[in-house]
Amino acid sequence: MAGLLALPAAGAAPAGERTVLATRVDGTITPVVEGHLEDGLRRAEAGDHAALLVELDTPGGLLESTRGIVRAFLNARVPVIVHVSPSGARAASAGAYITMAAHVAAMAPGTHIGAGTPVGGQGEEASEKVVNDSAAFAVSIAEQRGRNTGFAEDMVREGTSISDRAALRQNVVDLVEPSRRAVLDAADGRRVEVGSEDRRREVVLRTAGARVVEYDLGFFGELRQMLASPELAYLFLSIGTLAVIYELASPGMGFGGVIGAIALLLGFTALSVLPFNVAGLFLILLAAALFAGEVVTPGIGAFAGGGTVALVFAGIFLFRGETEVDPAVLWPTALVVGAGSLIAGRLAWRARRGPPATGEEALLGREVVVSRAEGDRGQVLLDGAWWDVLGRDSPLAEGQLVRVVDRQDLVLVVEHAGPGGDRQPSEKE
């Protein structure tokens, strides 16, 4: 709750001030980038910003994530400006689709765009069916934005890539400008259509001199983006598989199984097999199971430690965008819960090793004085209740100290408690 209350007000601008929400995308296009840009659009719309500026440098990425970003841009209710920058950057493959889907597409001098041919997961050429689908996708984007449909098709089928100047001449992009400010000044006054097909409207960009409001991925966003890399996915899956095999081959304290389960979930998430929300829910369930396991079978704290790690990753995956939890709240919460389960496990372990407090077992070994006796039968007062007793080896005598050794229904079996066990009852007794 404290983390939610501490969230910024989505970069809202003071009344009457022109602002542009700006973010940067570097590296592979992943579900993390998709969610970040979709959230950026929502923030730009809610904050009444003049536009969303995306500074882009990418070698490509996942086609499904690219489709999600393009869909969001084509239906955006706020103008989107994509600037391929800085010099030397590229909008390759997925980046080309995203750039062409913007209302205003710009490139910095010395950048290039294209090479949109889809490839498989191992870098192999995609099937003709996939290529045809991607080509139609690229052409439809170009038609929507009034761009060069011939280049859109060639970049998919032939892998064509062109420089910034060629892209400007061929009507692939709208501007070639060196800096953020130059792009905003050059885009000022342009008329663009925003919104979905059924609610489309024309707006005039007013970006010259606008104040730029930064919107970055943040610590957890950068961490999610790092975890979504194919290299880490391979590493997580390898370590997770080996850890689970090791645990099955030589069961012990459960450390290998815990590490393996967490690593496999991270690996499947990195490969986009599991969406972040689903992975977060699985991690929450795993954390709960591990914390319960620590209480039921306390050991060296492997379950508590694994549960803490799972809970941290669950918080990172589940709470994103406007609901992102502040690290100052997430880390202490996970540590407190993990430490609590560890302490609870230790208390449960101590309680199991302690003497019984109730039931038949709590009576065994208790020493008590015989109050009435007749042969090997008698009565004793134990824990506020009268019990019939039976001497196991010898007759009983009043005032004799005996020890409970067994129970037969409602009769306690007792034996002489040893030297000094005989005494005369007091007058009170």
Exam field: side chain T58 to backbone G27, donor-acceptor pair closer than 3.5 Å = yes
key: Derivation and outcome, side-chain contact (heavy atoms from CB on, under 4.5 Å), residues V78 and L41   = CA-CA 7 Å; V78 64; L41 280 174; 3.8 Å; yes
query = Roughly how far apart are R43 CZ and D48 CG, rounded to 0.5 Å?
reply = 15.5 Å
ask   = Could you state the interatomic distance from OG1 (T30) to CG (L62), rounded to the nearest 0.5 Å?
value = 7.0 Å
ask   = Yes or no on side-chain contact (heavy atoms from CB on, under 4.5 Å) for L265 and L283, after CA distance, side-chain angles and deciding distance?
value = CA-CA 8 Å; L265 281 173; L283 285 166; 3.6 Å; yes
inquiry  = When you measure from the side chain of N148 to the backbone of Q170, do you find a donor-acceptor pair of N or O atoms at a distance under 3.5 Å?
reply    = yes
task = Please name the residue in the list T241, L237, L242, L235 that meets the side chain to side chain contact (heavy atoms under 4.5 Å, CB included) test with I239.
result = L235
inquiry  = How long is the straight-line distance from CG of L184 back to CD1 of I81, given to the nearest 0.5 Å?
reply    = 5.5 Å
message = If I take atom CD from residue E158 and atom OG1 from residue T117, how far apart are they, to the nearest 0.5 angstrom?
response = 8.0 Å
request  = Give, for atom CZ of R24 and atom CG of L217, the distance between the pair rounded to the nearest 0.5 Å.
outcome  = 12.0 Å
key: Positive for side-chain hydrogen bond (donor to acceptor under 3.5 Å, both in side chains) with R147, one of T99, D174, N171   = D174
message = To the closest 0.5 Å, what do you measure between CZ (F73) and CE (M100)?
response = 13.0 Å
ask   = When you check the gap from the basic side-chain N to the acidic O, do D133 and K129 get nearer than 4.0 Å?
value = no
task = Taking R145 for its side chain and A101 for its backbone only, find out whether a donor-acceptor pair lies under 3.5 Å.
result = yes
inquiry  = Can you give me the closest heavy-atom contact between L401 and H416, atom names plus distance?
reply    = O-ND1, 3.8 Å
